[in-house]
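One structure is given here, and the rest of the page talks about it.
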Amino acid sequence: MNEQEFAELSAGAALHALSPDDERRFRAALAVHPEWRSVARHDADAAAALASVVEPVSPPDGIRSALLARIAETPQTDGESPTADGEAPRGSVRPIPKDDDRDAGAGTLSTSGVAEPAAPSPSSSDIDSAPAGSRRGRRLLFVLAACIVLLVGIGVGTVVVNGILDRPAPVVALEQIEGSDDAQQASVSLDGGGTAIAHWSASLGRAVLVTEDIAAPADGHTYELWFVRGDGAVSAGTFSVEGGHAIAELKGEMRPGDAIAVTVEPDGGSPTGRPSSDPFIVIPTA
């Protein structure tokens with residue numbers, strides 16, 4: 001992704017108008033290119049300035065009860081709406097610039113070195129690989145958007161509400177970590193050319209992994225996250241890769257001294273609760 005392409009995503013992010021996939025691309029690019037934070041900050045300031053000139057409007061009486069009643073009548077399904085279109089080196093730990101459980105049994109996972117990955121070689125897909133079509137959320141989101149349009153009276157309301165409600169949980173977690181006083185990050189460059197960046201906050205006990213330019217696992221397999229703790233490993237959930245990149249929040253509480261690792265496991269995660277392969281990503285946090 002070049003800076004011009006990032007600038008286009010940044011403008012959409014400032015208006016909360018990105019799709020979940022574009023939001024992930026935007027956050028991944030921002031993590032890999034911290035020098036672009038000034039672009040995102042400028043766009044956010046511009047959006048705030050535009051919003052400040054709009055006179056506030058008091059909602060009509062009864063709008064809250066009407067909205068809740070409409071939500072209660074709407075079937076809340078999980079289906080998506082159809083679309084119109086068919087050894088790795090350790091990075092140094094550094095604070096993030098302010099500018100800009102399945103608690104399984106212990107496995108034997110070493111952080112002294114990283115074995116060759118059992119995963120396929122990293123993909124040449126860049127972070128700018130855009131998914132086909134726009135994936136929107138549940139029908140409930142459309143009901144909420146429609147109600148907001150009636151309330152606000154302009155189409156911008158739909159964009160803002162959908163942008164806020166559709167934001168992926170890992171993206172929200174990453175923002176909260178970056179906003180904490182003790183936010184830190186560390187990165188490793190993989191043998192095949194990919195990059196993995198861990199973001200964490202000890203005070204929040206949370207961590208997020210951002211990857212760029214790594215291939216999806218082979219059919220029937222998935223990537224599994226681990227907190228490496230002493231001589232053991234605790235599963236922190238699985239994640240998928242789209243277009244060579246991913247943002248995944250580690251499940252469970254991160255503890256001081258934990259390392260963050262990724263292994264290739266069968267679909268659904270390791271059946272034993274312990275790593276079944278050597279990690280191809282290991283990022284120390286201490």
Side-chain angles (χ1 to χ4, degrees), residues 24 27-28 30-34 37 87-115 117 119 168-190 194-212 214 222-239 241 245-265 269-270 272-286:
R24 279 188 286 267
R27 290 295 165 186
L30 199 57
V32 175
H33 298 282
R37 289 178 182 273
E87 226 155 69
R90 296 181 180 180
S92 59
V93 178
R94 62 189 185 279
I96 295 177
K98 285 302 172 185
D99 287 342
D100 311 11
D101 259 283
R102 188 176 73 167
D103 269 19
T108 56
L109 198 58
S110 171
T111 60
S112 60
V114 182
V171 170
V172 175
L174 179 58
E175 288 184 347
Q176 292 173 345
I177 290 171
E178 290 179 331
S180 65
D181 292 335
D182 61 344
Q184 289 184 288
Q185 70 178 46
S187 64
V188 294
S189 297
L190 307 182
T195 303
I197 306 172
H199 300 257
W200 71 92
S201 164
S203 63
L204 297 178
R206 302 175 75 179
V208 168
L209 182 72
V210 178
T211 65
E212 179 187 3
I214 69 170
T222 188
Y223 290 140
E224 186 158 5
L225 294 155
W226 303 89
F227 287 122
V228 183
R229 192 168 292 159
D231 293 330
V234 177
S235 175
T238 61
F239 70 95
V241 174
H245 67 275
I247 300 180
E249 180 181 10
L250 281 77
K251 297 179 180 178
E253 182 181 4
M254 181 179 178
R255 298 179 184 176
D258 283 352
I260 294 170
V262 179
T263 61
V264 179
E265 303 292 344
S270 171
T272 64
R274 298 185 297 273
S276 63
S277 65
D278 292 325
F280 70 100
I281 296 175
V282 176
I283 304 178
T285 65

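Given the structure is predicted, the values throughout are model-derived calculations rather than measurements.
A pairwise comparison of heavy atoms in Ala233 and Pro275 identifies CB-CG, 3.9 Å as the closest pair. Here the closest heavy-atom approach between residue Gly237 and residue Ser235 is recorded as N-OG, 3.4 Å. Of all the heavy atoms in Ala207 and Phe227, the pair that sits closest is CB-CE2, 4.5 Å. Across every non-hydrogen atom of Leu204 and Ser180, the tightest pair is CD1-CB, 4.1 Å. Among all heavy-atom pairs drawn from Ala183 and Ile177, the shortest one is CB-O, 3.0 Å. What you find for Leu174 and Val210 is that their closest heavy atoms are CD2-CG2, 4.3 Å.
Between Tyr223 and Ile281 the shortest side-chain heavy-atom distance does not fall below 4.5 Å. Taking the side chain as every heavy atom from C-beta outward, Leu250 and Trp200 never approach each other to under 4.5 Å. At a threshold of 4.5 Å between non-hydrogen side-chain atoms, the residues Pro279 and Trp226 do not count as touching. At least one side-chain heavy atom of Ile247 sits under 4.5 Å from a side-chain heavy atom of Val208. Residues Asp258 and Val234 form no side-chain contact, since every pair of their non-hydrogen atoms from C-beta on lies 4.5 Å or further apart. Residues Glu249 and Gln176 fail the side-chain proximity criterion, which asks for heavy atoms closer than 4.5 Å. Counting heavy atoms from C-beta on, the side chains of Val282 and Val228 never come closer than 4.5 Å.
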**Message:** I'd like to know whether Thr285 forms a side chain to side chain donor-acceptor pair (under 3.5 Å) with Gln184, so could you lay out the CA-CA distance, the side-chain angles of the two residues, the decisive distance to 0.1 Å, and finally the verdict.
**Reply:** CA-CA 9 Å; Thr285 65; Gln184 289 184 288; over 6 Å; no
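Judged by distance alone, the side chain of Thr211 and the main-chain N or O of Ala246 form a donor-acceptor pair under 3.5 Å. Here the side chain of Ser270 pairs no donor or acceptor atom with the backbone of Ser276 at under 3.5 angstrom.
Partners of Glu265 according to the salt bridge (charged side-chain N to carboxylate O under 4.0 Å, His left out) rule, which considers only residues two or more places apart in sequence or in another chain, do not exist here.
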